[in-house]
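Both ligands and their constituent atoms are indexed starting at 1 by order of listing.
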Amino acid sequence: MHIQKKDKFIVNKPKEHCAIFGVTCNDLGFSVTKYLYQGLIALQHRGQESTGISISTPGGKIYTYKRNGLVPKVLNNKILSKYWGNVGIGHNRYATTGATGYKSTDYMQPFHFNNNEIEFSIAFNGTIANFDEIKKNMNELGRVFITDTDTEVMAQLIGSIALGTEDWPEVLKIASKLLDGSYSLILMTSKGDIYAMRDPLGFKPLCIGELKDSKKNLYFVASESCAIDVVGGILLRDVKPGEIVHLSHQKDIHSEIILKSNRTALCQFEFVYFSRPDSIIDGVSVAEVRFRLGINLAKNDPILKNPEIKENAIVVPVPDSGRSVAVGYAKEAGLPYIEGLMKNRYVHRTFIMPGQEKRKIAVREKLNPIKSIVQGKDVILLDDSIVRGTTTQQIIALLKEKGGAKRVHLRISCPPIISPCYMGIDFPTKEELIAGRLQILYGEQYLEEIQKRIGSDTILYQTIDDLTDAIGKNKNQLCLACLTGEYPLKSIQKLAEMESSIIKSRS
Ligand code: SF4
């Protein structure tokens with residue numbers, strides 16, 4: 001979801017924007033709101049700012065409720081008993097604090113469209129690259145928009161195509177030919193049908209599941225399979241790139257491939273960081289990928305051949321993001337895995353604070369080295385990614401100055417992030433990305449320069465080949481754009497090239 005934003009916080013890690021979840025039940029007397037609650041709470045990691053649900057009642061009405069806050073706060077018992085129906089969809093949103101319209105429910109999802117002729121509700125995860133252009137065309141046709149989000153543009157576009165027809169697969173087929181971007185979406189009609197659609201390149205995950213007992217059949221659609229597990233369902237399969245799946249409470253699942261592409265572009269960051277380890281995406285276990293990423297790093301690590309370092313080494317994860325990969329690394333290296341950094345779970349974000357000293361304090365509030373564990377040791381520090389590098393620098397300084405570590409060897413499971421994401425992930429600009437900026441300034445020497453600036457004694461990143469091997473997919477099946485600067489969408493490639501030339505001209 002695109003929202004104009006004004007950052008007040010450091011984005012230490014790229015942030016996924018949204019989670020979507022839908023459920024339909026063939027028993028008209030059964031309410032699915034409890035399942036929406038359970039599914040959305042399982043997907044809370046993909047969006048923590050607002051939560052919303054739309055419920056379709058057997059009488060052909062849609063009711064929507066959305067508010068700022070985490071799932072348990074928004075969908076409290078009063079709301080769960082008030083919103084009652086056998087079909088529903090839900091959404092968790094991540095949006096940067098300070099974003100335009102941040103507190104208004106108009107900016108939250110599901111987006112409930114009702115123009116007295118057509119009524120539907122839509123929830124989506126992704127970003128529409130050409131939404132400005134579509135909006136301008138629709139403005140010229142007299143359409144009035146109440147927000148500046150791509151969600152509303154998408155809903156208005158679908159609403160205008162749907163005028164005078166009930167052929168929803170055809171409506172979505174036409175809309176998808178006009179939309180350029182990354183999106184996984186669910187649309188619920190007032191008749192209680194759910195349509196799930198994934199863009200032709202399949203940037204964002206989307207899967208379907210079922211739950212059958214002697215009395216009722218339920219179908220689910222979710223951003224990640226962990227949500228289907230949590231509601232007690234069985235994962236049936238992923239929605240394929242370019243496919244529309246119709247989940248009906250009256251019939252079984254029906255599907256249609258509407259757009260075929262000669263490649264796909266599933267976001268590699270789903271495996272590295274975004275998704276829950278207990279999810280399976282496009283047939284691949286996220287936990288197993290992270291474990292293999294750790295194994296690969298250890299296999300390529302030259303310090304393990306140095307007996308002086310190896311005998312004194314411990315493997316320490318940056319909590320929580322470095323844990324799975326550290327387990328794989330420690331196993332392959334034959335070294336002890338030890339939690340050497342204590343995390344305060346109640347500090348969620350690091351404020352942007354001017355000055356080195358204030359930034360240090362901010363990281364210290366969040367992480368504390370355990371001196372008795374790290375003192376005098378060669379700490380092999382595992383993390384999933386380096387974005388700006390400022391937090392990593394502070395963690396290394398803490399381990400050395402406060403923890404007394406002898407040396408810190410930084411190992412990163414994601415290859416260097418050199419380019420921003422324009423596909424719906426909250427990323428800093430190329431200039432703010434430490435690897436992006438230093439690669440332009442120092443060419444092939446940029447890794448040495450990163451090491452110097454963040455203060456580690458050695459540094460090792462995952463290679464792109466090892467990343468794709470760990471995922472078990474080839475480069476034509478994944479989006480690797482933030483690692484390569486080569487964007488699968490042509491409209492976005494131009495934007496990225498423009499940003500690189502601006503940085504070069506400034507340096
Ligand atoms: S650019 Fe990076 S974060 Fe964005 S979709 Fe591609 S792989 Fe994912």
As an exercise, identify every atom of ligand 1 less than 4.0 angstrom from a heavy atom of [X].
X: Ala481; value: 1 (S)
X: Gln268; value: 7 (S)
X: Cys267; value: 3 (S), 5 (S), 7 (S), 8 (Fe)
X: Cys479; value: 1 (S), 5 (S), 6 (Fe), 7 (S)
X: Ile425; value: 3 (S), 4 (Fe)

Less than 6.0 angstrom separating the ring centers of Phe124 and Tyr183, yes or no?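 No, ring centres 6.0 Å or more apart.
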I'd like to know: is atom 4 (Fe) of ligand 1 within the 2.8 Å range of an N/O/S atom from Cys421, strictly under that distance?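 For Cys421, the answer is yes, given that an N, O or S atom comes within less than 2.8 Å of atom 4 (Fe) of ligand 1.
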Evaluate the side-chain proximity of Leu206 to Val245: yes if any heavy-atom separation is below 4.5 Å, no if none is.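 No; the side chains remain at least 4.5 Å from each other.
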Is any side-chain heavy atom of Leu36 closer than 4.5 Å to a side-chain heavy atom of Phe21?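 Answer yes - side chains close enough.
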Could you tell me how the ring of Trp168 sits relative to the ring of Phe120: parallel (under 30°), tilted (30 to 60°) or perpendicular (over 60°)? perpendicular
Report whether any nitrogen, oxygen or sulfur of Cys482 sits less than 2.8 Å from atom 6 (Fe) of ligand 1 (N, O or S, backbone or side chain). no
Without swapping roles, check the side chain of Gln44 against the backbone of Val71 for a donor-acceptor pair under 3.5 Å.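 Between the backbone of Val71 and the side chain of Gln44 there is a qualifying donor-acceptor contact (under 3.5 Å).
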Without swapping roles, check the side chain of Asp457 against the backbone of Val408 for a donor-acceptor pair under 3.5 Å. yes
